[in-house]
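Here is the structure we will look at.
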Amino acid sequence: MMTVKEFQVGVVGTNCYVAANSETQEALIIDPGDNASGIIDYADKKQLHPVAVLLTHGHFDHCMAARELADHYGISIYVHEDEKEIMENPAYNCCGMIGRELVFTADKYFHGQTDHISLAGFEIEVFHTPGHTPGGVSYYVRSEGILFSGDTLFCESVGRTDFPKGSMSQLIRSIKEMLFPLPNDTKVLPGHDAWTTIGNEKQYNPFL
């Protein structure tokens, strides 16, 4: 069974998730945009063993603490290959919002429209959902009925597309083709704001 702890991190209140296997205590850290020390403290208190850092995309507010956590635990950072340019270019990763020039890197890359990983005892489907950024992904844990949607799909909203390399038409297509086929009761854990479900978004999201 997956247990999920949500942290609100950084200057824009990004949702960072620590998703743990309640049987093995292995854990995934999803979108650690800041507060590495707080995440480490929580993991230590719960006796968790992080096995990977999963990034939905490469904007600073989702990955600023990723390398510190990866180094601390000796684990890899995962992201889609199309996000490499966003992460490595300060003009694209939006770090100017905090007045800094930052470059981010990952260790392992997803490829194509769909991918699959087995981590922490979970089978995770990786959907390439570009639009907010070129290499944005959503992580779907079918056995738990949970989707980590990053800044692709929000509660009755969608991710911004006015940042570099964004595309609203691409974003809408990603959601309709990749996410809306999922079961209506799928819990959607987004990169900002409140949790929702696929069914709720089909019915009430004004963008879709």
Side-chain angles (χ1 to χ4, degrees), residues 1-10 12-57 59 61-66 68-70 72-73 75-80 108 110 115-127 129 132 136-159 175 178-180 182-201 205:
M1 178 179 175
M2 176 179 281
T3 61
V4 180
K5 169 68 174 178
E6 176 186 326
F7 293 82
Q8 292 256 317
V9 302
V12 292
T14 301
N15 294 339
C16 166
Y17 301 101
V18 176
N21 186 319
S22 59
E23 295 178 3
T24 67
Q25 300 303 106
E26 292 180 310
L28 306 167
I29 303 172
I30 302 160
D31 283 354
D34 206 346
N35 195 22
S37 61
I39 295 166
I40 291 169
D41 287 347
Y42 171 78
D44 287 350
K45 180 180 177 183
K46 295 293 185 179
Q47 297 184 311
L48 301 179
H49 309 290
V51 298
V53 175
L54 304 182
L55 302 180
T56 60
H57 63 291
H59 284 158
D61 60 312
H62 289 254
C63 66
M64 200 160 64
E68 183 177 349
L69 289 164
H72 180 82
Y73 291 111
I75 59 180
S76 295
I77 300 169
Y78 291 73
V79 77
H80 195 277
K108 297 187 177 182
F110 303 115
D115 213 322
H116 177 273
I117 46 174
S118 298
L119 290 169
F122 299 111
E123 301 301 314
I124 303 166
E125 296 171 61
V126 185
F127 301 137
T129 49
H132 180 65
V137 297
S138 300
Y139 297 102
Y140 179 48
V141 188
R142 187 177 298 272
S143 63
E144 306 293 320
I146 290 175
L147 177 79
F148 298 96
S149 64
D151 286 4
T152 295
L153 179 63
F154 296 140
C155 180
E156 299 178 21
S157 187
V158 297
I175 295 169
M178 301 301 291
L179 304 186
F180 273 7
L182 299 178
N184 284 339
D185 61 354
T186 301
K187 299 180 187 69
V188 179
L189 281 56
H192 301 275
D193 302 322
W195 299 16
T196 183
T197 64
I198 290 294
N200 186 78
E201 297 317 301
N205 195 309

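All values below come from the heavy atoms of this structure, side chains included, with hydrogens, waters and symmetry mates left out. What you see is a predicted model, and the numbers here were worked out from it, not measured in a lab. Note that the numbering runs from 1 along the sequence shown for the chain.
- With sequence neighbours left out, the side-chain contact (heavy atoms from CB on, under 4.5 Å) criterion links E6 to Q8, N15, Y17, W195.
- Within the 4.5 Å cutoff, no side-chain heavy atoms of T186 are placed close to those of I146.
- Rounded to the nearest 0.5 Å, atoms CD1 (I30) and CG (L55) are 10.0 Å apart.
- Within the 4.5 Å cutoff, the side chain of V18 has no heavy atoms near those of the V4 side chain.
- To the nearest 0.5 Å, atom CG of residue L189 and atom CG of residue L147 are 8.0 Å apart.
- Atom OG1 of T129 is separated from atom CD1 of I175 by 8.0 Å, given to the nearest 0.5 angstrom.
- For the ring-ring contact (aromatic ring centres under 6.0 Å, His included) test, no residue two or more places apart in sequence or in another chain qualifies with F122.
- Counting all heavy atoms, side chain and backbone alike, A70 lies closest to I77 at CB-CG1, 3.7 Å.
- Applying side-chain contact (heavy atoms from CB on, under 4.5 Å) to L28 and the options V141, I117, I124 leaves one that passes, I124.
- Residues H57 and V137 form no side-chain contact, since every pair of their non-hydrogen atoms from C-beta on lies 4.5 Å or further apart.
- Annotation: H62 is not in aromatic contact with H132 [ring centroid separation under 6.0 Å not met].
- Rounding to the nearest 0.5 Å places CG of D193 at 6.5 Å from CZ of F154.
- Shown here for P183 and I198, the closest heavy-atom pair between the two residues is O-CB, 3.5 Å.
- Among all heavy-atom pairs drawn from S76 and K108, the shortest one is OG-CE, 3.6 Å.
- By the ring-ring contact (aromatic ring centres under 6.0 Å, His included) test, F110 pairs with Y78, Y139, sequence neighbours left out.
- Residues meeting the salt bridge (charged side-chain N to carboxylate O under 4.0 Å, His left out) test with E144, sequence neighbours left out: none.
- For the residue pair S157 and L153, the shortest heavy atom distance occurs at O-CD1, 3.8 Å.
- Looking at residues two or more places apart in sequence or on another chain, you find a side-chain hydrogen bond (donor to acceptor under 3.5 Å, both in side chains) between N205 and E201.
- The closest side-chain heavy-atom distance from T14 to H192 is below 4.5 Å.
- When every heavy atom of C155 is checked against every heavy atom of A194, the shortest pair comes out as CB-O, 3.6 Å.
- Proximity of V158 to T152: side-chain heavy atoms (C-beta onward) are nowhere separated by under 4.5 Å.
- Across all non-hydrogen atoms, the minimal contact from V188 to S149 is CG1-OG, 3.4 Å.
- Under 4.0 Å is where a charged nitrogen must lie from a carboxylate oxygen, and between E125 and R142 at least one such pair does.
- Looking at V126 and H116, their side chains never come closer than 4.5 Å, going by heavy atoms from C-beta outward.
- Here the side chains of N184 and T197 are not in contact, with every heavy-atom distance at 4.5 Å or above.
- Remark: T56 engages D31 in a side-chain hydrogen bond (donor to acceptor under 3.5 Å, both in side chains) (not counting sequence neighbours).
- Judged as a side-chain hydrogen bond (donor to acceptor under 3.5 Å, both in side chains), and not counting sequence neighbours, the contacts of N200 are E156, T196.
- The CG atom of N35 sits 9.5 Å away from the CD atom of E68 when rounded to the nearest 0.5 Å.
- Neither side chain, T3 nor S22, offers a donor N or O lying under 3.5 Å from an acceptor on the other.
- Partners of D34 under the side-chain hydrogen bond (donor to acceptor under 3.5 Å, both in side chains) rule, at least two apart in sequence or in another chain, do not exist in this structure.
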Below 3.5 Å, can you tabulate the donor-acceptor pairs from side chains in residues 37-53 to any protein atom, sequence neighbours excluded?
none

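- Within the 4.5 Å cutoff, the side chain of Y73 has heavy atoms near those of the I29 side chain.
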